[in-house]
Amino acid sequence: MASVNSVTVVGNCDHGGNANGSNRRSVFVYGSLLADDVVRALLRRIPQNSPATLHGYHRFSVKGRVYPAILPVENKKITGRVLLGITAPELDILDKFEDFEYERRLVDVSLLDSSEILQAYTYVWANSDDPDLYGEWDFEAWKESKLKDFVDMTVGFVEEQELPQSKPRVATYESYYKQNEGDNISS
């Protein structure tokens with residue numbers, strides 16, 4: 001395992017090179033990155049993507065957070081999507097966004113439109129014994145009640161990254177929601 005920008009990396013998922021020689025990657029997303037507005041705020045584009053299922057994992061709500069966590073759980077599955085053609089700089093942005101709370105791991109996902117199995121990175125909750133994990137996180141409920149604030153926080157995170165002394169995403173998240181303390185930050 002190697003550490004990249006506070007994210008522990010397990011495995012390698014390079015999908016060949018393009019004309020300028022840079023490798024492209026696939027990333028399975030299952031939470032806030034299902035929202036195009038969040039992806040656009042981070043990557044400044046919406047990559048080609050495909051609906052997909054990750055077998056053997058469960059998507060939890062996290063007490064005190066509006067975003068989910070996933071962990072391996074037998075006989076469970078998560079529906080999400082695979083972002084295709086992610087560049088090395090974009091993967092670096094995603095690593096910084098996921099911060100220390102997650103480990104980037106290589107997993108096999110099933111593409112829903114073709115039944116093809118694809119290797120992709122995903123971000124797995126780093127603390128498998130976290131007592132704050134509970135239930136199941138619901139994207140549609142999150143989208144209705146939390147998306148706008150989360151996009152605003154994400155834009156703030158991206159702007160913060162351009163500063164010489166930028167804060168990690170968790171610190172940006174916590175300071176954003178402290179400023180808006182009247183809002184309920186739990187899911």
Side-chain angles (χ1 to χ4, degrees), residues 1-62 65 67-128 130 133 136-140 142-143 150 154 157-158 169-170:
M1 277 190 248
S3 182
V4 176
N5 300 315
S6 305
V7 172
T8 303
V9 179
V10 181
N12 186 1
C13 179
D14 294 340
H15 294 291
N18 60 15
N20 65 12
S22 67
N23 289 328
R24 301 286 178 144
R25 291 128 179 116
S26 298
V27 178
F28 176 77
V29 297
Y30 54 84
S32 62
L33 293 173
L34 290 172
D36 284 346
D37 290 344
V38 176
V39 174
R40 187 179 299 107
L42 281 173
L43 303 181
R44 295 186 169 97
R45 72 180 185 105
I46 305 297
Q48 180 182 350
N49 59 80
S50 180
T53 301
L54 175 60
H55 293 273
Y57 282 79
H58 180 74
R59 179 176 28 217
F60 293 92
S61 291
V62 184
R65 298 283 192 247
Y67 47 84
I70 66 168
L71 286 172
V73 175
E74 199 172 317
N75 298 320
K76 293 285 189 172
K77 67 181 179 179
I78 299 167
T79 300
R81 68 178 177 173
V82 177
L83 303 178
L84 303 164
I86 300 298
T87 65
E90 290 172 333
L91 191 62
D92 185 50
I93 290 166
L94 293 173
D95 284 347
K96 288 177 182 174
F97 183 69
E98 299 300 352
D99 209 1
F100 67 89
E101 292 179 312
Y102 296 89
E103 295 176 346
R104 178 168 30 107
R105 292 190 190 166
L106 189 60
V107 295
D108 291 332
V109 295
S110 302
L111 300 181
L112 296 180
D113 50 7
S114 70
S115 300
E116 178 186 349
I117 304 295
L118 177 73
Q119 283 199 320
Y121 287 125
T122 198
Y123 293 90
V124 177
W125 197 248
N127 180 1
S128 61
D130 191 334
L133 301 180
E136 186 156 345
W137 189 81
D138 182 331
F139 175 70
E140 293 302 323
W142 175 86
K143 192 166 75 170
F150 199 86
T154 303
F157 166 77
V158 170
R169 196 263 316 148
V170 171

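Any value given below was found using the heavy atoms of this structure, including those in side chains, with hydrogens, waters and symmetry copies removed.
Nearest heavy atoms, P72 versus V124: CD-CG1, 4.3 Å. Heavy-atom minimum distance, R105 versus Y57: NH1-OH, 4.1 Å.
Taking the six-membered ring where tryptophan is involved, the planes of W142 and F150 are perpendicular, since the angle between them exceeds 60° and thus also 30°. Ring orientation note: the planes of F60 and H58 are nearly perpendicular, at an angle over 60° on the 30°/60° scale.
For residues 47-57, no pair satisfies salt bridge (charged side-chain N to carboxylate O under 4.0 Å, His left out), with sequence neighbours left out. For residues 44-56, the salt bridge (charged side-chain N to carboxylate O under 4.0 Å, His left out) pairs, not counting sequence neighbours, are R44-E162, R45-E90.
Put simply, the side chain of E101 reaches to within 4.5 Å of the side chain of Y67, judged on heavy atoms. Between F139 and T79, the closest side-chain pair of non-hydrogen atoms is not below 4.5 Å. Contact of the L42 side chain with the F157 side chain is registered, since non-hydrogen atoms from C-beta on lie closer than 4.5 Å. With contacts defined as side-chain heavy-atom distances shorter than 4.5 Å, the pair P47/L84 does not qualify.
One distance of note links CD of Q119 with CG of L106; it measures 4.5 Å at 0.5 Å rounding. Note that CG of L94 is 9.0 Å distant from CZ of R104, once rounded to the nearest 0.5 Å. Atoms CG and CG, from L83 and L91 in turn, are 10.5 Å apart once rounded to the nearest 0.5 Å. Taking CZ of R24 as the reference point, atom CD1 of I86 lies at 8.5 Å (rounded to 0.5 Å). In this structure, F97 CZ and L43 CG are separated by 10.0 Å, a value rounded to the nearest 0.5 Å.
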Below 3.5 Å, can you tabulate the donor-acceptor pairs from side chains in residues 28-40 to any protein atom, sequence neighbours excluded?
unit_1: Y30; atom_1: OH; unit_2: Y123; atom_2: O; d: 2.5
unit_1: D36; atom_1: OD1; unit_2: R81; atom_2: NH1; d: 2.8
unit_1: D36; atom_1: OD1; unit_2: R81; atom_2: NH2; d: 3.0
unit_1: D37; atom_1: OD1; unit_2: R40; atom_2: NH1; d: 3.1

With a 3.5 Å cut-off and sequence neighbours excluded, list the donor-acceptor pairs that the side chains of residues 107-115 form with protein atoms.
unit_1: D113; atom_1: OD1; unit_2: S50; atom_2: OG; d: 3.1
unit_1: D113; atom_1: OD2; unit_2: S50; atom_2: OG; d: 3.1
unit_1: S114; atom_1: OG; unit_2: E116; atom_2: N; d: 3.2

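Every residue meeting the salt bridge (Lys or Arg N to Asp or Glu O under 4.0 Å) condition with K143, not counting sequence neighbours, appears here in chain and number order: E140. Partners of D130 according to the side chain to side chain donor-acceptor pair (under 3.5 Å) rule, which considers only residues two or more places apart in sequence or in another chain, are W125.
R25 places a side-chain N or O within 3.5 Å of a backbone atom of N23 that can act as its donor or acceptor partner.
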Exercise for the section: For side-chain contact (heavy atoms from CB on, under 4.5 Å), just list the numbers for I78 and T122, CA-CA rounded to whole Å, side-chain angles, deciding distance to a tenth of an Å, and then say yes or no. Expected result: CA-CA 12 Å; I78 299 167; T122 198; over 6 Å; no
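Other residues, nucleotides and ligands contribute at most 12 non-hydrogen atoms within 6.0 Å of the CD atom of Q48.
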